[in-house]
Amino acid sequence: MKKFRLLIVLWVLFSMVPGGFSQIAGTAHDFSTESWAPLNNRGCGVCHTTHQAVNLLSAPLWNHETTVVAGYTLYNSPTFDGSSTITEPGASSKLCLSCHDGTVALENFGGTTSGTNYINPSARIGGVAGNDLSTEHPISFDYTDALAISDGGLFPPTTTNSGLGNTIDNDMLFSSRMECASCHDVHNRYGVSHLLKMSNVNSELCLTCHNK
Ligand code: HEC
Ligand code: HEC
Ligand code: HEC
Ligand code: HEC
């Protein structure tokens, strides 16, 4: 009976991701052949679990140890209009930084805390120490119509079509905020290289939001 219930939960999880493994398979997030992951828990299990999940609202049934950085150096520039609302990375981006800022080992999931394999330097976000977001595209700030108007070089997110089916606000923002997953899809739902939500050939991705 317990096994059956587990199967149902797994089936529901799979069916919620369009295509399931067919999309994540073969991507950088396909951990099914990684030797650092225990055999019975490769694949989805590196990030999700069916039981005793880390309680994070932004990801269902999260299984990975989260970043240990308590305070990042945030993005700023003289022309950046989001500085009044920018904060430490939101929960959704923290999930990415759990592996990508290089402070937590890849195999630290499901309660393991003694891992020794860290993300390759080429995929590290946050500099050598992992806590510097000042040289990355800004995240975790409000991108509202008001910001677009005051900036003058952005499309208003609630009325502009993203090209993904709905508005920028609906398809790319999280409670009107920019996060890593504004541009990326962790499961490769869109089948675009670099796990992007759309191709950036001819700056298509950038020009979805930036009116330049
Ligand atoms: C690299 C980490 C990672 C892996 C591997 C991963 N996920 Fe996710 N998953 C996430 C994150 C992060 C979210 C939060 C929402 C988002 O960013 O898309 C999420 C959200 C979800 C959701 C809820 C939202 C949605 O997109 O429907 C489901 C269901 C899900 N994942 C299932 C799976 C399954 C099934 C697998 C294995 C085929 C898998 N995930 C592999 C990181 C991962
Ligand atoms: C469990 C750890 C883990 C989590 C969580 C995770 N990643 Fe990754 N990600 C990896 C690994 C490992 C690679 C491969 C790095 C390498 O060796 O090049 C990778 C690669 C990538 C790449 C490069 C893909 C390519 O083909 O160039 C992107 C983009 C990426 N991740 C985005 C994200 C985003 C966005 C999130 C959060 C929504 C996230 N990742 C969460 C482990 C993770
Ligand atoms: C504004 C869009 C945008 C945001 C926000 C964004 N990325 Fe990216 N990311 C890209 C693009 C475009 C690429 C493709 C390579 C390039 O042009 O640098 C990329 C590449 C990557 C890569 C591959 C390594 C590399 O440098 O090529 C990783 C890993 C990655 N992003 C992770 C993240 C994480 C983690 C976050 C949040 C902290 C994030 N990204 C936020 C657009 C974005
Ligand atoms: C989902 C929407 C979105 C996407 C996609 C996006 N950006 Fe942005 N970007 C923003 C917003 C909003 C700001 C904040 C603008 C401001 O206040 O100056 C910003 C800020 C910036 C800044 C800093 C501006 C400053 O004054 O400091 C640069 C540079 C930039 N983006 C370049 C890019 C590039 C290059 C791409 C494509 C790889 C891209 N953006 C994709 C929404 C986006």
Side-chain angles (χ1 to χ4, degrees), residues 9-32 34 36-37 41-50 53-54 56-67 69 72 74-75 88-110 112 115 117-127 130 132-133 135-141 143 154 168 172-174 177-201 203-210:
V9 172
L10 281 175
W11 177 80
V12 169
L13 270 176
F14 268 100
S15 55
M16 280 164 76
V17 180
F21 252 131
S22 66
Q23 290 169 312
I24 220 166
T27 72
H29 286 166
D30 177 355
F31 303 127
S32 57
E34 297 290 358
W36 47 258
N41 218 352
R42 291 178 176 178
C44 316
V46 176
C47 294
H48 302 286
T49 180
T50 43
V54 181
L56 279 172
L57 287 176
S58 55
L61 303 172
W62 194 245
N63 200 25
H64 203 275
E65 187 188 344
T66 47
T67 173
V69 175
Y72 291 89
L74 305 180
Y75 180 87
E88 290 294 323
S92 147
S93 297
K94 268 196 169 155
L95 301 179
C96 314
L97 292 166
S98 299
C99 293
H100 281 280
D101 70 12
T103 62
V104 173
L106 295 172
E107 68 270 45
N108 280 8
F109 62 92
T112 299
N117 292 285
Y118 293 84
I119 199 144
N120 285 329
S122 63
R124 273 184 86 151
I125 304 289
D132 184 5
L133 295 177
T135 58
E136 314 286 355
H137 189 286
I139 53 156
S140 303
F141 66 97
Y143 173 16
L154 292 165
I168 293 173
M172 305 176 91
L173 304 182
F174 299 80
R177 286 170 78 77
M178 288 282 297
E179 302 293 350
C180 307
S182 295
C183 299
H184 292 286
D185 186 88
V186 71
H187 305 114
N188 191 39
R189 195 179 317 233
Y190 301 97
V192 178
S193 62
H194 298 295
L195 304 169
L196 289 170
K197 284 186 156 173
M198 66 181 76
S199 153
N200 202 27
V201 174
S203 306
E204 187 192 333
L205 173 69
C206 317
L207 293 172
T208 301
C209 303
H210 291 276

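Everything numeric here is computed off the predicted structure, so don't read it as measured data. Both counts, for ligands and for their atoms, begin at 1 and track the order of listing.
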Do Arg189 and ligand 1 have an N or O pair less than 3.5 Å apart?
yes
for atom 1 (C) of ligand 2, nearest protein heavy atom and its distance come out as Cys99 SG, 2.7 Å
What atoms of ligand 3 come within less than 4.0 Å of a heavy atom belonging to Glu179?
5 (C)
Geometry only, no angles: is Trp62 polar-contacting ligand 1 at N/O separations under 3.5 Å?
no
Contact region, His64 to ligand 1, non-hydrogen atoms below 4.0 Å, reads neither
Shortest reach to atom 17 (O) of ligand 1 by a heavy atom, considering only Val186, Leu61, Thr27:
Val186
For ligand 1, is Val46 a contact, meaning one of its heavy atoms is under 4.0 Å away?
no
Is there any N or O on His48 that sits under 3.5 Å from an N or O of ligand 1?
yes
With no hydrogens and no angle check, do the side chains of Ser32 and Asp30 hold a donor and an acceptor under 3.5 Å apart?
yes
Heavy atom to atom 14 (C) of ligand 2, shortest distance: which of Ser193, Gly26, Ser182, Ala28 holds it?
Ala28
Among all protein heavy atoms in this structure, tell me which lies nearest to atom 5 (C) of ligand 2, with the distance rounded to 0.1 Å.
Leu95 O, 3.3 Å
What protein heavy atom sits nearest atom 18 (O) of ligand 2, and how far away is it?
Asn120 ND2, 3.8 Å
Taking 4.0 Å as the limit for heavy-atom contacts, which would you say applies to Cys96 with ligand 2: side chain only, backbone only, both, or neither?
both
Please check atom 7 (N) of ligand 3 for a protein heavy-atom neighbour under 4.0 Å.
yes
Note on atom 8 (Fe) of ligand 3: protein N/O/S atoms within less than 2.8 Å are His184 NE2
Ile119 and ligand 2 - part of the residue with a heavy-atom distance under 4.0 Å:
side chain
Where atom 8 (Fe) of ligand 2 is the vertex, angle from His100 NE2 to His29 NE2 to 10°
180°
Whether the Thr67 and Asp101 side chains hold a donor-acceptor pair (N or O, under 3.5 Å, no angle test) is what I'd like checked.
yes
Non-hydrogen atoms of Phe31 versus ligand 2: any pair closer than 4.0 Å?
yes
Evaluate the ring planes of Phe109 and Trp36, with Trp represented by its six-membered ring, and classify them as parallel (under 30°), tilted (30 to 60°) or perpendicular (over 60°).
perpendicular
Protein contact of atom 22 (C) of ligand 2 - nearest heavy atom, named by residue and atom, plus distance:
Leu195 CD1, 3.8 Å
Kindly indicate whether atom 34 (C) of ligand 3 is approached by any protein heavy atom to under 4.0 angstrom.
yes
Restricting to N/O/S atoms, is Cys47 within less than 2.8 Å of atom 8 (Fe) of ligand 1 or not?
no
Can you name the N/O/S atom of His187 that is nearest atom 8 (Fe) of ligand 1?
NE2
Atoms in ligand 2 flagged as close to Ala123, the criterion being non-hydrogen separation under 4.0 Å
15 (C)
Under-4.0 Å heavy-atom contact with ligand 3, by part of Ser122 that carries it
backbone
